[in-house]
Every structure is written in structure tokens, then in C-alpha cells.
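Sequence lines set the chain letters: A, B, ... in the order given, protein chains first and strands last, and positions in each chain run from 1.
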Amino acid sequence: MTLKTRIIPCLDVKNGRVVKGINFLDLADVGDPVESAKAYDAAGADELCFLDITASHENRGTILDVVRRTAENCFMPVTVGGGVRDVEDVRALMLAGADKVSINTAAVKDRSIVGRAAEKFGAQAIVVAIDAKRVSGEGEADRWEIFTHGGRNPTGIDAIDYAVAVADLGAGEILLTSMDRDGTKAGFDLALTRAISEAVTIPVVASGGVGTLDHLVEGVTLGKASAVLAASIFHYGTFSIAEAKAHMAKAGIPVRLDGGYA
Amino acid sequence: MKIALIDYGAGNLHSAGKALMRALDEIGVTGHVVLGANPDEIASADRIVLPGDGAYRDCREHLAEVDGLEDALNEQVRVKGRPFLGICVGMQLLSEIGEERGETEGLGWIPGRVVALDPKARHLKVPHMGWNTLRKTGEHPVLEGLPFGEKGLHAYFLHSFHLLPTHNTDLLATADYGGAVSAIVGRDTVIGTQFHPEKSQKLGIALLANFLRWAP
């Protein structure tokens, strides 16, 4: 009996609507996050990630509604991130039905939110999302820094130091995105993934850059990630969740093949 | 059949409620799920379910804060023997003591302590997060027909602590994660799952259906 490596599709949600939706299935409403969640639930995804990119804080209610409806319609664990500013935001998402809540910029600004949230909801519910970018030059020792605002703003904070610090504060998982690789389809930044995975004793989800099924495998075998996250390869139907799992199983990675409950 | 799903501000009620309705369908029994913490509603329920997402201490405080809730649970479950299911922290609260963020006294319905996971293999990460299979370690009507073992179905775990019962006979199933992790416990008319049946798809619904069928 072994804990299985998780495959996690991620949906961007803006004002309650999916931005890049599933476009290979005949969904009644491609923009409805709950329809997409149901499709991934039936397909056997191990968890689902919603990233709320709603710009204004006044429209936060839209994501709560999405989470509530998803919890009512799916028997699948859901992580929700984006725009989480304080412990009250975490509480609202948890009560709406999120299993885990991911904190990004708020933790960069003030790390104490991680400890405060973990005290209330337990470490297992608190994910810290780290957007990292390589800052070391050619021939130098590897170094990555935390960036905010979609990779535009450097913070000067070392990514490995930060990961260790938030894990100590009570984070239960790290969602690690390489801003160099995000959207490139060139594969994960494996050196970054491995460096963070080996530096912390909590699970690390690799994200950013998946273009092929081998990339998913490498994230686990070379990057030492506990889970792999991808968006477009699944939404656009390049590969199905089942194909991804079959490929990982063939590479010797333990995966759950009995998923799906339509 | 009336199912009381306890709302004490510490849980994912939407999924649990939906999964219980699904389990009712499965066993072909008409019924409904009542959300809340009203002692009268609990008194008239045929089944009581205590979910729990959060830290042990925080959930314990929430439970104690609801007027009359603990008395009602004690009366219905301990005195009248109503079938009860605790999920995740709702299961951990059955213990005598929880060690998450300092020692906290639990309900004490299942003798034992809730302790931090400490997997033997160094590469294993904590929390134990994700899908794992189960090993059956006891006999219980709620386990009947569930597909256990390596080739069995998976359950969804999300936790850093687990309940170690004082009596081996109270431990009904485990998962393997660098050693045995308590997955299902049971004593008298009380049962608890560390994993989330409401997130565990086929296995979860099958377990909930068994719980609803169970007539101790």
C-alpha cells in the first residue's frame, strides 16, 4: 500500500467564470467552473485546483459560490487560491467547501498569516503558493527568487529560504510555480523543483511548463515532487487524465487508477 | 431516515451532505440530511455525523461553544446508542487527548490519543496527503464488502495527526505510510474515519452506505 502521486488540473476562474475552459468535451457551458470540475471528477483527477484571478476584492463572493457548488456536485478534493488576503478569506473558502486554501502574495508580505491560518485550520489545509524565477546567471550556483504580480515584481527573497520558513510556520504543502517555465510547455524547472522538494518535509506540487506526459514523469522522478499540476494540456484535450496516469504508471510511479465517480 | 450532520463551524458540510444523500440513494432508503447543532434535531435523528476540517484544538473549542451540543451528543450516542460517524478531525475528537498544538481533551468515547504522524522513511512527507489504499485490521458491519488491500479502492487522506486507540480491537483499518496510519476506528455504536469518505468517491460512498445500513 502506497500513497499515490497526485495529478491536479488547475482552472483559472475570473468573476465566477472559467478563463481557459475545457474545450474538447461537449460541456453545456464551457465557462462554468462547476461543469469543468464535474468533468475532471469523472475523469479521475486526484484533486482540482481553482485559481481565482478576479481583479477586485468586491467580487470575491463569486469564487465562494463556485466552491460551494463544486463541493455540492463533486466528490473530489479542491484547493482554492488567488486573492487570499487574511485568515477570514481562508475561513470563508473553507466553509464554502475548499479542502485546502492556497496563499500567495499575502504570505510574501507577511509570513505570519501562514501560522495564524494553520492554527485555525490545521497545516493540512494551508498551501503556500510560491512563484519563483531563476536569478543566477550562467556558470553561477543555482538561485531562485520569489516574484509577485505574475512574475513581474522581484522581492529579493530566496525561494528555498522562503519555502523552509513557511513550512516551519505551519504550511502543509507548497505549490511551486516556475515563472520562467509557466506557459512555455518546455517542462518543469526540475532543478528548482528538486531543490525545494529536498529542502522541506511537506509535499511539493510542481507547476509551470508542462507540455508532454514525460514532463509529468520528470517532475516526480527528477524533481521529487509529490504531485504535478497542469492546465492547458488537460483543458485543450492534448492528453486526458487517464493517459497521464497510464504514462506515469508505465514509468513506475504509483498512481490511482480507480478514480472517477460520475 | 433522518441524518443529523453536525454544523459547528468546522467542516466541509456541503460535500458530506451530498455524499450522504448519495449513500441513501445507494441503499434505496428515503431520507434527509439536517444540517445544524440543534439538540432537538439531534435527538430525533437516526444517524449522527460529525465532520471536521481544521486543527484539533480549534475544532474542540467550536464544539464546546455550541450550547447544549455536547450534552445532546452524549445523550444520543453514549446513552441511547444512536449510530455515530466522525470524519477526519470529527473522528480524532473521539479520543481522550489530542496533541496538535498543545494537549486538548477530546470527547473520550474511544480510549486513545491523537498523535503526530512520524513516518519511518525519511523521504515521506507530512501531511499524509492524497490517495491511499486500506488494510483491514478488524471486523465490523461498516467494513462489509469494502475493497481493501493493495488492489482495493483508494481513500482520500489529508492529515498530520492520527488517533492511536488504546485497545487494538478499536482499530478497524489502517493505511500504510512509513508504518500503520489509523484509518478507521470503531467502538460500540461509534465509528470514525481519518480519511474523507465524502471525497473518496466509490469507496467513500460504499462506506457511508454501510454506515446507514448498520443497525447496532
Side-chain angles (χ1 to χ4, degrees), chain A residues 1-6 8 41-42 44 46-47 67-78 91 94-100 117-127 167 170-174 197-198 200-205 224-227 254-262, chain B residues 7 9-19 22 52-59 88-89 100-101 119 122-135 147-154 156-161 174-178 181 196-205:
Chain A
M1 297 188 287
T2 330
L3 184 70
K4 305 307 182 292
T5 299
R6 290 167 284 151
I8 309 172
D41 191 14
D46 296 308
E47 290 179 7
V67 173
R68 199 173 301 119
R69 287 190 296 125
T70 302
E72 284 167 357
N73 286 285
C74 293
F75 301 118
M76 169 199 237
V78 180
R91 178 186 304 280
M94 291 293 291
L95 289 178
D99 298 282
K100 297 185 264 181
E119 184 163 345
K120 284 284 170 204
F121 309 104
Q124 85 294 332
I126 307 304
V127 180
E173 186 171 59
I174 286 171
S197 295
E198 290 183 339
V200 297
T201 59
I202 59 176
V204 172
V205 182
K224 306 288 175 194
S226 298
V255 289
R256 179 183 68 120
L257 298 169
D258 57 39
Y261 199 95
Chain B
D7 180 2
N12 180 350
L13 298 167
H14 304 288
S15 303
K18 187 76 181 184
R22 187 79 167 241
D53 289 312
Y56 190 102
R57 177 181 291 263
D58 194 61
C59 288
C88 198
V89 180
E100 186 173 8
R101 297 198 174 240
R122 258 186 53 78
H123 69 279
L124 291 178
K125 305 286 186 110
V126 174
H128 176 221
M129 194 182 271
W131 299 86
N132 209 332
T133 48
L134 305 175
R135 174 180 288 129
F148 289 102
E150 186 83 49
K151 301 248 182 281
L153 292 179
H154 289 82
Y156 186 76
F157 288 87
L158 188 57
H159 64 124
S160 311
F161 289 77
T174 59
D176 182 35
Y177 193 59
V181 171
H196 290 269
E198 78 280 16
K199 298 283 170 178
S200 297
Q201 301 182 338
K202 295 181 193 99
L203 178 72
I205 301 297

**OP:** Take A:Thr70 and B:His14 through the side-chain contact (heavy atoms from CB on, under 4.5 Å) test and state the conclusion after the steps.
**Re:** CA-CA 9 Å; A:Thr70 302; B:His14 304 288; over 6 Å; no
**OP:** Mind running side chain to side chain donor-acceptor pair (under 3.5 Å) on A:Gln124 and B:Asp53 for me, showing each step along the way?
**Re:** CA-CA 9 Å; A:Gln124 85 294 332; B:Asp53 289 312; 5.8 Å; no
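- There is no contact between A:Ala227 and chain B, counting heavy-atom distances below 4.5 Å.
- With hydrogens and angles disregarded, a donor-acceptor distance shorter than 3.5 Å links the side chain of B:Lys125 to the backbone of A:Ser197.
- When all heavy atoms of A:Ile202 and B:Pro127 are compared, the closest pair comes out as CG2-CD, 4.2 Å.
- Highest contact tally toward chain B, considering only A:Ala118, A:Ala125, A:Ala123, is held by A:Ala118 [criterion: heavy-atom pairs under 4.5 Å].
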Original post:
Between B:Asn132 and A:Arg256, does a side-chain contact (heavy atoms from CB on, under 4.5 Å) hold up when you go through it step by step?
Top reply: CA-CA 8 Å; B:Asn132 209 332; A:Arg256 179 183 68 120; over 6 Å; no
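- B:Lys199 places a side-chain N or O within 3.5 Å of a backbone atom of A:Met76 that can act as its donor or acceptor partner.
- Taking A:Lys120 as the reference, A:Val87, A:Arg91, B:Asp58 meet the side-chain contact (heavy atoms from CB on, under 4.5 Å) condition, with sequence neighbours excluded.
- Under a 4.0 Å N-O distance rule, the pair A:Asp258/B:Lys202 does not qualify as a salt bridge.
- For the options B:Gly204, B:Gly152, B:Ala55, heavy-atom pairs under 4.5 Å to chain A are most numerous at B:Ala55.
- Considering only heavy-atom pairs separated by less than 4.5 Å from chain A, the leading option among B:His154, B:Glu100, B:His128 is B:His154.
- Remark: B:Val89 pairs with B:Cys59, B:Gln92, B:Leu93 by the side-chain contact (heavy atoms from CB on, under 4.5 Å) rule, at least two apart or across chains.
- Of the inter-residue distances, the one linking B:Thr133 atom OG1 with A:Leu3 atom CG reads 9.5 Å to the nearest 0.5 angstrom.
- Counting heavy-atom pairs closer than 4.5 Å to chain A, the top residue among B:His123, B:Arg57, B:Met129 is B:Met129.
- Separating the CD atom in A:Glu72 from the CG atom in B:Leu13 is a distance of 10.5 Å, to the nearest 0.5 Å.
- When heavy atoms are compared at a cutoff of 4.5 Å, A:Lys224 does not approach chain B at all.
- For the residue pair A:Phe75 and B:Ala19, the shortest heavy atom distance occurs at CE2-CA, 3.5 Å.
- Within the 4.5 angstrom heavy-atom criterion, no atom of A:Thr5 approaches chain B.
- Here A:Asp46 is the residue among A:Ile126, A:Val255, A:Asp46 with the most heavy-atom pairs under 4.5 Å with chain B.
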